[in-house]
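Per chain, numbering begins at 1; letters A, B, ... match sequence-line order. Just the heavy atoms: all of them, side chains too, but no hydrogens, waters or symmetry mates, feed the values below.
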Amino acid sequence: MADEDFTHRYDAALAGEIEVRWQREWQERGLFRTANPGEPGFDAAKPKYYILDMFPYPSGAGLHVGHPEGYTATDIVARYKAANGFNVLHPMGWDAFGLPAEQYAVQTGVHPAVTTKSAIDSFRRQLARLGFRYDWSREFGTIDPEYFRWTQWIWLLAYSSHYDTEAQAARPIAELEEQLAKLDAEVLVPVARGSAGRVSLRWSVCAPWQRQSKLDDHRLAYLGEQSVNWCPKLGTVLANEEVIDGLSERGGHPVLRMPLRQWMFRITAYAQRLLDDLALVDWPDSTRTMQTEWIGRSAGALVKFAVEGFGDLSVFTTRPDTLFGATYMVVAPEHPLIAHAASGAGGATIAEYAQRARNRSDVDRQAESKEKTGVPLGLFATNPVNDERIPIWTADYVLMGYGTGAIMAVPAHDERDFEFAKRFGLPIRQVVACLDGSAWTGEHAMSEPGLACGSSHGDLTLDGLTQDAAIARIVAWLEQRRLGERRVNFKLRDWLFSRQRYWGEPFPVVFDKAGMHYPVSISALPVELPVLADYAPVVSDRPTPPLGKATQWVNTTAGAAGVDPSLLPPSTPVTRETNTMPGWAGSCWYYLRYCDPKNSVRFVSKEAEAYWMGPKGVDLYIGGSEHAVLHLLYARFWHKMLYDLGEVSTKEPFAKLFHQGMITSFAYERADGSLVPASEVDLAEPQCRELATGACVTRVVAKMSKSLKNVVTPDEVVAEYGADTLRLYEMAMGPLAESKPWNTRDIAGVFRFLQRVWRLAIDERTGGTLLARAPNAAVERQLSRSIHKVGHDIERLAFNTAIAALIEAVNAATRPTQLKDPEDGGFTRDQMSRFLRALAPFAPHIAEELWSHLGEGASVSLAPWPSVDPLQLVDDTVEMPVQIQGKVRARVMVPAGADRDEVERIVLADAAVQEHLAGRAPTKVIVVPARMVNLLV
RNA sequence: GCCGGCGUGGCGGAACUGGCAGACGCGAUGGACUCAAAAUCCAUUGGGGCUCACACCUCGUGCAGGUUCGAUUCCUGUCGCCGGCACCA
């Protein structure tokens, strides 16, 4: 209830009125419109700063308070940088294609185009209400045809490129084709359509489909037959990164593996560069480590073992130095050797085992991982170093997707092989001796580095060599005899880019009757989604894209689809690709489009790209760590392709990355561990009680979720306190990077702070401006120090301590109630002006309102950052604690610039010091200037 | 199991590069104002001891050690929580 005397108090209603008014004003005046080079209003003299939030996916549920945390942080930095004379690019838009929108649409029966649009509208409305200084004129969504036209264009670029391993860069595939034709090169191509068998032919005698097959082996976006992750529940296949522990990342549904022909990205070609260039970026170590581990580089050797009646069986090993210890081999259940073995004696058992292992989902395979399983193939291989005959087994602990899908087993020096050998009674032979000379116990595999032993045959010996030396010698020996070679292997696999879904970007590609694929020409882009009344996933045990239902759209002609007539006569009947791109597609390059969002002739103009992205990419990128691998790896990959092809100027897209922590919430737990909704708990100190029963409940920290009824939305907080308070509270909670619990009770603290700010400038009874006549020295000192600290803290993204500094300034200036003449206290006009400029990045609306009360004109958002008099930051004298034997016993005042001798003299003259010394002379005096003194006796 | 991060008052958190632990806020307690309450303003607020009181003493940054004149900070071990990876040969 507002007190009648205080009609001009800063309360929720007034805050709301001020905020909405200024938001409209900013928008109408186009205050945050950012000019590109060459446009009117562009100031080339200023440095640039590109600050970016991770692309939000607007869900139907709207924002919760976790969303604005990162956005507030970037907004503060953006406002601060603008005040410091930077051209700031700070855009916002929508990642709007993808599975959740489609699932929601299927549930509700409303078309995803409609639900997505309304979700975007509510996100935009909610964000706008928080007063972020986005340049809304640059807004776009991934579903806009003018945007996904260029997503398709980039895909075509990858489709039309190959990776030149010599140049270590992407090049147009036309160059490769030309070269093959010119040299009339021998190429390895399929014997027949769809056949795994290969034949070596000259380019000139290859059939067109054989040529295409050869080129497909090199395209960066290619159609490949792969074992894919098929999720029947989601009705689509998923990328490796989207599968966690054999379950879909989204929804946690079971995933099966099955071979399928799908569009892939040859991201593996970039593995080494994706790894190396992590050194170029300023990213959290944890994220760099995650990417490093995901890429999973390991150096070793490829070794060929001859198999009787089959040919060579290649294995990858990181320990070629243990080759003499190989006592058996194992191939994955999916390995081609299985078919060969299954046709022989005992084939039924083998086929059965392989079939079972293959059909089991990854979850099952892991659940049984404690006990090793496997069957012998009845085949034998020859160890190339000692001609020993060793058995070949199949076991599901060997994965088809890594290396060659086969291993040499060295049970003495590999824990997995050791377990397997123990289980099946296979021989274990030590070929590495412990460095300290102790004997190997034989209880566990000995995988630590040591000296080779028992590794001699003929003229080859590794005995006595260290691991590195032994590896060097054995690899040289193998290479000389063409039995093996040095090899680097990566865990990273090619990126599966097809989804059997409706709500995604269509691929700009068509197929003729024979199954040859043809690109849609660039001039015919975008390929738009057909309007489909029934876009529900097709229930099937095979991946079946819903776009297949749009028969009219699917069955067309080359001319209608926009295929270049030189590739295919326009009347040729063709079918369109019915898979769509995954949700990641649009977020792989959105940061580039923001530089030049309205460009209709290029995806981004060279000039705008060079200006905003130079010299090292986006200057500050803030978003959640859940994207540490997926989005951030994919975007880096696209960026590198574009870089190779001369389309962008930087090697990396994001120079500096920062992850905000999660905002959690309190939940209340009964003694039996069940949870009570927050609304049904009495929060009295010190013991919280359940309202209904009065029983004691314990407060625990949990994620915000509907089931715990502890979700807080920005709308509620804005209604109760205003947007400035919400912004301030989110930043005051703690360090941006940490996860922190939302505590409704604490919000009052920052709200009261804003009320005090308001009271400093405004007479709550009259609404008139109220300022100090003359500056107070102590207030000025505190203000200067606060402003200095705020600037410094914003630079290091320490917003919580910056806010504490602002509060200290206000506390210093606050007028006691007893003060007779209000003009005796508070800030002067000049002090208030400086204070408001420092407050504005955090609480822009109240700052703007008070700014206009001061009659400062224009907008506080256009005002420069306040300067600080360096003299205000230093003291004439400093207090130094004096320790005696490491314990503080006295404090002395010394002149700020005092040298050690002078400090020592002052300290020894101090009465308290003398008393504690009790006549003893210090044996040592440690003086840390302006910090402390320690006397040892 | 492996890798990474974090453990500080009743609560959220602060502490630059090894230099006075607890900034700032919440909560709590007392006071001023008020008929009263709210709001506001002022003061106190880590534990223990001692004192009329100021002062002073002592313990204290998950736990146990170590390095150092001095450790929340560095090192070793250990416990707990969070995140990532998980048969990658």
> Given the P atoms of B:rU73 and B:rC57, what is the spacing between them in whole Å?
Replying inline: 24 Å
> A:Lys422 has an atom NZ; how far is it from atom C1' of B:rC87, in whole Å?
Replying inline: 19 Å
> Can you tell me if the side-chain N/O atoms of A:Asn489 get under 4.0 Å from OP1 or OP2 in B:rA89?
Replying inline: no
> Just checking A:Arg297: base, sugar-phosphate only, or nothing, at a heavy-atom cut-off of under 4.0 Å?
Replying inline: nothing
>> As a test of reading the structure: which of B:rC87, B:rG10, B:rA86 is closest to the side chain of A:Arg745, going by heavy atoms?
In response: B:rG10
> Is the shortest heavy-atom distance from the side chain of A:Leu736 to the side chain of A:Glu69 under 4.5 Å?
Replying inline: yes
>> Is B:rG84 syn or anti, taking syn as a glycosidic angle within 90° of 0?
In response: anti
> How long is the line joining CZ of A:Arg756 and P of B:rA39, in whole Å?
Replying inline: 14 Å
> Does A:Arg752 make a side-chain N or O approach to OP1 or OP2 of B:rG27 shorter than 4.0 Å?
Replying inline: yes
> Rounded to the Å, how far apart are A:Met733 CE and B:rC26 C1'?
Replying inline: 12 Å
>> Measuring only the P atom in each nucleotide, how far is B:rC82 from B:rG77? A whole number of Å is fine.
In response: 23 Å
> Are A:Val330 and A:Ile392 side-chain neighbours, meaning at least one heavy-atom pair lies under 4.5 Å?
Replying inline: no
> When you check the gap from the basic side-chain N to the acidic O, do A:Arg815 and A:Asp821 get nearer than 4.0 Å?
Replying inline: no
> B:rU29 and B:rU67: how far apart are their C1' atoms, nearest whole angstrom?
Replying inline: 44 Å
>> Pick the closest RNA chain B nucleotide for A:Thr814 and for A:Glu293 by heavy atoms, then say which residue is nearer the 5' end.
In response: A:Glu293
> What are the residues of residues 877-889 of chain A, sorted by number, that bring a heavy atom to within less than 4.0 Å of RNA chain B?
Replying inline: A:Glu879, A:Pro881, A:Gln883, A:Lys887, A:Arg889
>> Is there a side-chain contact between A:Arg796 and the phosphate of B:rC16, meaning an N or O under 4.0 Å from OP1 or OP2?
In response: no
> Is the closest side-chain heavy-atom distance between A:Glu764 and A:Arg759 below 4.5 Å?
Replying inline: yes
> Could you state the CG-P distance from A:Asn743 to B:rC26, rounded to the nearest angstrom?
Replying inline: 12 Å
>> Categorize A:Lys924 for me: base, sugar-phosphate, or nothing, with a 4.0 angstrom heavy-atom threshold over every strand shown.
In response: nothing
> Distance between the C1' atoms of B:rG7 and B:rG62, in whole angstroms?
Replying inline: 6 Å
> Given the P atoms of B:rG13 and B:rA36, what is the spacing between them in whole Å?
Replying inline: 41 Å
> What is the distance, rounded to the nearest whole Å, between atom CG of A:Leu399 and atom C1' of B:rA86?
Replying inline: 11 Å
> Is the shortest distance from a Lys or Arg side-chain nitrogen in A:Asp11 or A:Arg9 to a carboxylate oxygen in the other one below 4.0 Å?
Replying inline: no
>> Which heavy atom of A:Arg756 sits nearest to which heavy atom of A:Thr814, and what is that distance?
In response: NH2-OG1, 3.9 Å
> Going by an N to O cut-off under 4.0 Å, is there a salt bridge joining A:Arg891 and A:Asp910?
Replying inline: no
>> Please check this pair: side chain of A:Asp494 against backbone of A:Thr268, looking for a donor-acceptor N/O pair closer than 3.5 Å.
In response: yes
> What is the distance, rounded to the nearest whole Å, between atom CZ of A:Phe753 and atom P of B:rG13?
Replying inline: 20 Å
>> From the set B:rG19, B:rC41, B:rC87, return the single nucleotide nearest to any side-chain atom of A:Arg931.
In response: B:rG19
> For RNA chain B, what residues of residues 805-813 of chain A have any heavy atom nearer than 4.0 Å?
Replying inline: A:Ile807, A:Glu808, A:Asn811
>> Checking contacts here: which listed nucleotide (B:rU40, B:rG12, B:rA89) is nearest the side-chain heavy atoms of A:Asp746?
In response: B:rG12
> Could you write out RNA chain B as a dot-bracket string, with dots for unpaired bases, | for bases paired across to another strand, and Watson-Crick or G-U pairs counted at under 3.5 Å?
Replying inline: (((((((..(((......[....)))((((((.......))))))((((......))))..(((((..]....))))))))))))....
> Side chain of A:Gln883, backbone of A:Arg889: donor and acceptor closer than 3.5 Å?
Replying inline: no
> Looking at the side chain of A:Phe316, which of B:rA23, B:rA89, B:rC87 is the nearest nucleotide?
Replying inline: B:rA89
> When we call it a touch if two heavy atoms are under 4.0 Å apart, what does A:His659 touch: a base, just sugar-phosphate, or nothing?
Replying inline: nothing
>> By nearest atom, which of the nucleotides B:rA89, B:rG4, B:rC41 is closest to the A:Thr817 side chain?
In response: B:rC41
>> Any side-chain to backbone donor/acceptor pair from A:His413 onto A:Val431? Under 3.5 Å, distance only.
In response: yes
>> Using atom P in both nucleotides, what's the gap between B:rG10 and B:rG18 to the nearest angstrom?
In response: 29 Å
> Take atom CD in A:Glu823; do more than 12 heavy atoms of anything else shown fall under 6.0 Å from it?
Replying inline: yes
> Among B:rC85, B:rA15, B:rG27, which is the nearest nucleotide to the side chain of A:Thr801?
Replying inline: B:rA15
> How long is the line joining CD1 of A:Ile747 and P of B:rG27, in whole Å?
Replying inline: 12 Å
> Should A:Arg356 and A:Asp396 be marked as a salt bridge (Lys or Arg N to Asp or Glu O under 4.0 Å) after you check the CA-CA gap, both sets of side-chain angles, and the distance that decides it?
Replying inline: CA-CA 10 Å; A:Arg356 223 180 50 228; A:Asp396 63 5; over 6 Å; no
> Side-chain contact, heavy-atom cut-off 4.5 Å: A:Ile407 with A:Thr317?
Replying inline: no
> With rounding to whole Å, what would you report as the distance between B:rA32 and B:rC81 at their C1' atoms?
Replying inline: 46 Å
> Rounded to the nearest Å, what distance is computed from the CG atom of residue A:Leu728 to the P atom of nucleotide B:rG12?
Replying inline: 20 Å
> Within a strict 4.5 Å, meaning less than it, do heavy atoms of the A:Arg297 and A:Leu492 side chains meet?
Replying inline: no
> When you measure from the side chain of A:His916, which nucleotide among B:rC26, B:rC57, B:rA86 comes out closest?
Replying inline: B:rC57
>> Rounding to an integer number of angstrom, what distance separates B:rC33 and B:rU8 when you compare their P atoms?
In response: 42 Å
> Does A:Val933 or A:Ser286 map to a spot on RNA chain B nearer the 5' end, using the closest nucleotide for each?
Replying inline: A:Ser286
>> Base, sugar-phosphate or nothing for A:Leu936? Non-hydrogen atoms, less than 4.0 Å.
In response: sugar-phosphate
> Honestly, is A:Lys372 close enough over A:Phe420, meaning NZ or CZ under 6.0 Å from the six-membered ring centre and within 45° of the axis?
Replying inline: no
> At under 4.0 Å between heavy atoms, what does A:Ser625 touch on the DNA or RNA strands: base, sugar-phosphate, or nothing?
Replying inline: nothing
> Does A:Asn934 make a side-chain donor-acceptor contact with the base of B:rC69, cut-off 3.5 Å?
Replying inline: yes
